[in-house]
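Contents: one structure, followed by commentary.
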Amino acid sequence: MLSGKNVLLGITGGIAAYKTTFLVRLLIKAGAQVKIVLTESASSFVSPLTLATLSKNPVLTNFTQTDENSVDWNNHVELGLWADLMLMAPATANTLSKMANGNCDNLLLASYLSAKCPVYFAPAMDLDMYKHPSTKYSFERLESFGNIMISATAGELASGLHGEGRMAEPEDIVAFIENHLASGLPLSGKKVLITAGPTYEAIDPVRFVGNHSSGKMGYELAIKAAELGASVFLISGPSNLTIHNNRIKLIKVVSAEEMYVAAHKYFNEVSVAIAAAAVADYRPKTVANQKIKKSDEDLSIEFVKNRDILFSLGEIKEHQFLVGFALETENEVENAKKKLKKKNLDAIVLNSLNDAGAGFGKPTNKITFIDKNLTIKAFELKTKAEVAVDIWGEIVNRIHA
Ligand code: CTP
């Protein structure tokens with residue numbers, strides 16, 4: 001949810017400011033770009049140098065920055081417009097009151113007034129200040145503006161007293177924002193399972209039988225599902241692709257048997273499962289313990305059938321919307337329909353090897369989406385990222401119908 005987002009972090013003067021170093025790291029790890037505006041008093045609690053190093057951006061406090069040769073204007077309007085979201089953490093009673101009343105006596109408040117994006121605030125203060133009617137009034141007023149409060153928690157406070165007023169922990173703040181951004185999205189609150197990539201079936205410790213699948217289609221489906229608000233289990237065979245997304249749990253497997261076990265482990269929990277993997281249909285009957293030495297004779301390897309993961313999921317499915325892929329070279333639509341029925345699927349994505357640009361290892365794909373009512377929709381040749389959008393569009397329409 002935070003990947004690629006511009007986050008403007010406002011830090012005000014409370015002891016919890018020291019925790020913002022961790023907060024910045026978590027935001028960056030989640031894929032956000034972070035710019036920081038620090039109030040004068042916050043800089044007594046946390047060093048601008050530390051924050052600038054972590055955020056890889058200058059940390060701003062004043063409207064102007066002066067060196068011996070020039071004066072630079074820190075443009076609050078630009079900062080406000082740059083931000084996809086603004087986060088005030090820790091937000092002191094003083095700053096919250098000023099925000100609630102439209103005061104504008106520092107760069108942070110001017111940026112707040114200029115921001116058109118969602119604004120989150122994580123209060124931090126002593127328990128009596130937190131309970132005070134004036135502070136409560138600030139909370140209510142800010143929420144009436146559409147700002148989003150990340151409530152303080154109870155515990156030991158810097159004063160030594162126990163009570164409500166501790167700033168939410170950095171990881172809880174990030175989780176709160178991610179969940180909030182995800183809510184209202186079409187797959188919000190849903191879990192999905194995607195298989196991707198090839199499987200490698202071992203012959204001996206150094207050799208295997210595999211295929212040229214890159215995993216790209218499955219990874220794009222996972223990224224799109226996460227963007228639509230889902231939590232994703234991505235079960236991937238060997239692939240060079242990498243993925244960093246808090247909403248995607250990558251489960252790496254090698255063989256079809258390992259993929260089978262992993263898929264069954266998570267299937268119960270999910271609302272949608274998509275089998276995009278190019279699973280090997282057969283594996284060598286025995287795997288040699290030692291590297292097979294060459295001899296003057298030809299070598300024959302006996303293969304046994306792998307279990308069909310998708311078929312087995314079709315047998316046990318209850319509420320899940322189950323989608324398979326079919327790669328066909330002749331009688332494409334008829335064969336895909338047969339596969340859909342045989343494997344008890346809700347839909348099948350057909351790609352035909354007869355279409356130029358579609359297939360293994362290619363950046364593009366040309367698909368036909370067929371659902372269990374045998375409604376057929378053919379799409380143009382597109383990038384796999386665009387194809388993922390089309391596939392999810394079809395699935396979302398059906399699960400919300
Ligand atoms: N699949 C699977 N487990 C297997 C084999 C296939 O989950 N052991 C899934 C694939 O991920 C894909 C679909 O089943 O979603 C493909 O079905 P399959 O019958 O294997 O078709 P193809 O390999 O395309 O074709 P064919 O039967 O013609 O070999």
Side-chain angles (χ1 to χ4, degrees), residues 192-202 208-222 225 232-239 241 251-267 270 272-285 303-317 320-355 358-362 365-372 384 387-388 390-392 394-395:
V192 310
L193 182 157
I194 295 165
T195 66
T199 63
Y200 287 179
E201 309 301 324
F208 61 84
V209 180
N211 61 64
H212 290 300
S213 166
S214 63
K216 179 94 175 139
M217 193 63 247
Y219 278 60
E220 292 294 355
L221 283 165
V232 184
F233 301 113
L234 174 61
I235 303 171
S236 172
S239 167
L241 300 173
I251 301 123
K252 289 189 174 175
V253 297
V254 176
S255 65
E257 196 51 34
E258 285 172 14
M259 191 174 272
Y260 181 100
V261 172
H264 278 266
K265 180 171 172 193
Y266 296 105
F267 188 62
V270 303
V272 181
I274 307 179
V279 186
D281 290 324
Y282 300 92
R283 67 176 183 279
K285 187 170 183 184
F303 283 88
V304 291
K305 206 148 195 280
N306 275 328
R307 294 191 277 185
D308 188 319
I309 304 165
L310 183 58
F311 181 85
S312 67
L313 298 179
E315 280 185 315
I316 58 166
K317 88 169 169 156
Q320 294 90 344
F321 191 92
L322 187 59
V323 184
F325 270 73
L327 183 66
E328 304 291 341
T329 52
E330 54 184 354
N331 297 329
E332 291 103 342
V333 172
E334 282 321 304
N335 283 339
K337 281 183 189 169
K338 275 189 205 146
K339 224 163 258 179
L340 179 137
K341 282 225 155 59
K342 185 175 159 208
K343 301 198 186 192
N344 191 23
L345 308 180
D346 295 283
I348 194 156
V349 179
L350 163 68
N351 27 70
S352 155
L353 269 189
N354 297 330
D355 292 319
F360 278 8
K362 302 244 172 66
N365 211 355
K366 186 169 183 319
I367 61 147
T368 303
F369 190 93
I370 307 172
D371 73 9
K372 66 175 178 209
K384 287 185 174 169
V387 172
D390 291 338
I391 293 174
W392 277 115
E394 295 303 314
I395 296 172

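Note that this is a predicted model, so its numbers are computed, not measured. Ligands are counted one by one from 1 in listed order, and the atoms in each one are counted from 1 as well.
When the side chain to side chain contact (heavy atoms under 4.5 Å, CB included) test is applied to F325, the partners found at least two apart in sequence or on another chain are M217, L221, I274, A276, V349, N351, I391. For A256, the side chain to side chain contact (heavy atoms under 4.5 Å, CB included) partners two or more places apart in sequence, or in a different chain, are T199, E201, V279, N306. With sequence neighbours excluded, no residue satisfies ring-ring contact (aromatic ring centres under 6.0 Å, His included) with F321.
K216 has a carboxylate O that lies under 4.0 Å from a charged side-chain N of E220, or vice versa, which qualifies the two as a salt bridge.
Within a 6.0 Å sphere centred on CZ of F303, other residues, nucleotides and ligands contribute more than 12 heavy atoms.
Closer than 4.0 angstrom to ligand 1 sit non-hydrogen atoms from A275, A277, V279, D281, R307, D308, I309, L310, G324, F325, L327, K339, K343.
Heavy atoms only, all atoms of each residue included: I367 and V387 are closest at CG2-CG1, 3.8 Å.
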